[in-house]
J.: 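Mind looking over this structure? Questions follow.
Every chain is numbered from 1 and lettered A, B, ... according to where its sequence line falls, protein lines coming before strand lines.
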Amino acid sequence: VLLHRMKAHKVDYWSRLGRLRRSQWVLAWEKVDRAVMSGRIVCDTYLAAKARADLVKSKSYSLTQLARSQLETPREDISFESIPGYFKSASSLAYLTEHCCFDTFLVIKLMSKLQVLPLTKQLTALAGNLWGRTMTGARAERNEYLLLHEFHKAKFIVPDKAIYTSQRGAGATQQDGDEDGGRKTEGRRKPAYAGGLVLEPKKGFYDKFVLMLDFNSLYPSIIQEYNICFTTVNRPVRSDDNPDDEPDVPDSALETGTLPKLLARLVDRRRQVKQLMKDPKATPTELAQYNIRQTALKLTANSMYGCLGFTNSRFYAKPLAMLITSKGREILQNTVGLAESKGLDVIYGDTDSIMIYTNTDSIDEVKTMGLDLKREVNKRYRLLEIEMDAFYQRMLLLKKKKYAAIVVTEVNGQLKTKMETKGLDLVRRDWCELSHSVSEFALNQILSGDGREEVLDRIHEYLAKVGRETRGGLVPIEKFIINKGMTKNAHEYADVKSQPHVQVAKRMIAKGISVRAGDTVPYVICTDHTAQGPSKTMAECAYHPDELRQPGSGLKIDFEWYLAQQVHPPVARLCAPIEGTDAGRLASCLGLDASRYHVASAVADMQQHTMLDAQISDEERFRNVDRLFVRCLRCNRSNPLIGVALSKVGYRGLRCPEENCGAVLPAPSIGFQLTAAIQQHIRRYQEGWLLCDDPACQTRTRMLSVRREKCMNAECLGGKSLAFSDKMLYNQLLYFDRVFNYDRALKHTTDESLRGMLSWATRCRSAAPCD
DNA sequence: CTGGTAGGGGAAGAGT
DNA sequence: ACTCTTCCCCTAC
């Protein structure tokens, strides 16, 4: 942009943007970086923020978003289309100018906040590459230089650098030679080898301590532990032999290879820097510098493995990468085996970590347990180390890579708690804020440690409120925005029809707004009442928030879609392990058609009940129900009401079965007592006592649930279930219905006088349903 | 052109 | 109407 404006205004010395004097204009986008800016280090805070995505958790990397999330500074978003309008008056133009100046200030602040210069300088100093290239984020190149220096020092001849050819595709893939590395699409490659091991989680809610342990930088440690290097591992000749078998671990007698030596040095230097940081005399400035240095050392050590598996790397070495991950899987598996052999309950683990359910509320007990295991694991390895990483006071484990927990940390002898959320929809930017806030509420409730009943009540109530407020239009538009990144340029997508962000991006581009691969596109889903004809796909209902805000657009946010597709599924997933609610119940709270969600279970229930109907007598089915006791108003004695067909019955209604009473039981009195009985049973269900199904154990608890299926008593192998389950409640209510079922009684009795009264009562009932 | 693999989950089309 | 497959995105490690 600057160059083009400079050219238009015939600005002299334009080439001073760089340090080389030039007379020929360079305007081609691709050349600007290297030719015009030669001798300068260009820091693009957009790229820098994305490169530090581990620190910067932002929905998008727009300046507005970053200013808000990183600098806590509000920035007005001026839409592309509105800019010409600012040229209409001097004051508005001055305003726009000021806005632009402020933007440059924000960019500088951002660079400073992200510590881009100090960090890239350290990384560059370590690797010995060009600083400017570190800025563009070429991790593989940094690694390449590091290894080049290292191997040169050791007097090795290094592999040739593959020449990059602009015509990618067929030729390059062929040359690759790896028949297994075939491309699925242009965008993403099929994995070329196996990676980390992820254990099948024992899903559920845990309300006692979960201990989390993990290996310190697993892959760099493996390289050192097993002396894995280009110089030590016997690699099969490429393309021949069986390239899919990982090579053997080198002989332990072999001299330490270059790669392990390098990593050992990095680790050692980091240890030294960390030691310096403990010096009480260190100034804040020094501390900041030390911290940057140790970060750079860690990043460099950790990026080594990834570059071994990178096909375009000069030091590409699939066998080494395979060997490393294979050892990683083996180590995790062995650790699990060791923990289980000690009687510990391993509930989950991912690549370099294991989680253990301790079944205790005492953090000291957990620590002892952890130290014990840690000692035994570390005994097995030379320098590989496992450490206690965290104590989870409560934990909700939903799926692989998806969980949330209350982390307890000790700060100056005081216990502090904090929630940690991994992988859930809640932490993904492709769910709208409304979805996030509802999920967050539910999660906070579930992890609050309060009783199951209160928790579910609050969630149900909150969902009802969300449903009302959403439909009432009380929720601001911002909360409906979904962000999705473009991995390709808009025109490169094969299937545009099903992708909302591509649809929106294409319209943005048509308007002249730049959207390129890597950018984030915001959109909202709208209803389109003007559309007749064939129903639109969801992607075709996606609009940019600016399109929605445009006066006269006629667009309206599709509240029902949001409640059904953005709010309900994530919350239902969170509540799935919690007894006492289900997708249908949650849906009906939101005001959605619950029947859709009942389908699966309702069908199963139906089958179960029709089966019972056919095979099981009423006596059998109602064996465990509570009978309905009705107190007579005259004699004040309670008797069970066995049913209209068997009770004392007359034309004026049911009578007290007491020998010397026989008073009519007034319908309103029966009704009142029936209602009370029903309410009592529903309460009993809601109290949610859980009972171990092993008769020898009989552990009874009302806790939110320890593990969904397993008895909380560690020594007991039994499962646990609701003492009064939903099926029992159903049977109880069915029994009450049966007691007053005239039609059924009529069918089953042969007593003529009773039949007469019953059919009379049936006729009365249809005339006056209340009685 | 610009480390890796594992995995969940949405949307839509193909197949049954 | 249902499942299976493919594509896509984002996340965990």
J.: Enumerate the side-chain hydrogen bond (donor to acceptor under 3.5 Å, both in side chains) contacts for residues 430-440 of chain A, please, sequence neighbours excluded, ordered by first and then second residue.
T.: A:Lys59-A:Glu433, A:Asp425-A:Trp431, A:Arg428-A:Asp430, A:Ser437-A:Lys479
J.: Output yes when at least one side-chain N/O atom of A:Gln499 is less than 4.0 Å from OP1 or OP2 of B:dG10, else no.
T.: no
J.: Quick check: on DNA chain B, is the nucleotide nearest A:Ser498 upstream (toward 5') of the one nearest A:Ala194, or the reverse? Name the residue that is more 5'.
T.: A:Ala194
J.: For the pair made of NZ in A:Lys484 and P in C:dC10, what is the distance, rounded to whole Å?
T.: 8 Å
J.: Report which part of the nucleic acid A:Ser353 touches: base, sugar-phosphate, or nothing (heavy-atom distance under 4.0 Å, all strands).
T.: nothing
J.: Please determine if a side-chain N or O atom of A:Arg429 lies less than 4.0 Å away from the OP1 or OP2 oxygen of C:dC9.
T.: no
J.: Between the base of C:dC9 and the side chain of A:Arg428, is one N or O donor paired with an acceptor at under 3.5 angstrom?
T.: yes
J.: I'd like to check the side chain to side chain contact (heavy atoms under 4.5 Å, CB included) partners of A:Asp389; sequence neighbours left out, ordered by chain and number.
T.: A:Met212, A:Asp214
J.: Do A:Tyr523 and A:Tyr543 have ring centres separated by under 6.0 Å?
T.: no
J.: Could you check which residues of residues 210-227 of chain A get a heavy atom under 4.0 Å from DNA chain B? Sort them by number, please.
T.: none
J.: Please check the phosphate of C:dC9 (OP1 and OP2 only) for any side-chain N or O of A:Lys488 closer than 4.0 Å.
T.: no
J.: Measure from CG on A:Leu574 to P on B:dG9 and round the result to the nearest Å.
T.: 11 Å
J.: If you check the A:Ala138 side chain, which of B:dT2, B:dA11, B:dA6 turns out closest?
T.: B:dT2
J.: Counting only side-chain nitrogens and oxygens, does A:Tyr403 get under 4.0 Å of the OP1 or OP2 atom of C:dC13?
T.: yes
J.: Atom NE2 of A:His568 and atom C1' of B:dG9: how far apart are they, to the nearest Å?
T.: 16 Å
J.: So, do A:Tyr206 and A:Tyr392 have ring centers that fall under 6.0 Å from each other?
T.: no
J.: Would you mind telling me which of C:dC9, B:dT2, C:dC13 lies closest to the side-chain atoms of A:Tyr493?
T.: C:dC9
J.: The side chain of A:Lys402 lies closest to which of these nucleotides: B:dG8, B:dG7, B:dG10?
T.: B:dG8
J.: With a non-hydrogen cut-off below 4.0 angstrom, is A:Thr136 in contact with a base, only sugar-phosphate, or nothing?
T.: nothing
J.: Please confirm whether the shortest side-chain N or O distance from A:His501 to OP1 or OP2 of C:dC8 is below 4.0 Å.
T.: no
J.: With respect to the phosphate group of C:dC9, does any side-chain polar atom (N or O) of A:Thr487 fall under 4.0 Å of OP1 or OP2?
T.: yes
J.: Can A:Lys488 be said to sit on top of A:Tyr493's aromatic six-ring, NZ or CZ under 6.0 Å from centre and within 45° of the ring axis?
T.: yes
J.: With no hydrogens and no angle check, is any side-chain donor or acceptor of A:His544 less than 3.5 Å from a backbone partner on A:Pro522?
T.: no
J.: Just compare B:dA6, B:dA11, B:dT2 and give me whichever is closest to any side-chain atom of A:Val198.
T.: B:dA6
J.: Please check the phosphate of B:dG4 (OP1 and OP2 only) for any side-chain N or O of A:Arg189 closer than 4.0 Å.
T.: yes
J.: By the 4.0 Å heavy-atom rule, please label A:Asp352 as base, sugar-phosphate, or nothing.
T.: sugar-phosphate
J.: Measuring from the side chain of A:Pro191 (C-beta onward, heavy atoms only), which nucleotide among B:dA11, C:dC13, B:dT5 has the closest atom?
T.: B:dT5
J.: Closest to the A:Ala192 side chain: B:dG9, C:dA12, B:dT5?
T.: B:dT5
J.: Looking at the side chain of A:Ala140, which of B:dA11, B:dT2, B:dT5 is the nearest nucleotide?
T.: B:dT2
J.: Should the pair A:Arg265-A:Glu150 be classified as a salt bridge under the 4.0 Å nitrogen-to-oxygen rule?
T.: yes
J.: Over how many whole Å does the gap from A:Asp519 atom CG to C:dC9 atom P extend?
T.: 13 Å
J.: Under 4.0 Å between a side-chain N/O of A:Lys399 and OP1 or OP2 of B:dG8, yes or no?
T.: no
J.: So what does A:Arg133 touch, heavy atoms closer than 4.0 Å: a base, only the sugar-phosphate, or nothing?
T.: base
J.: Do any N or O atoms from the side chain of A:Glu144 and from the backbone of A:Ser313 form a donor-acceptor pair under 3.5 angstrom?
T.: no
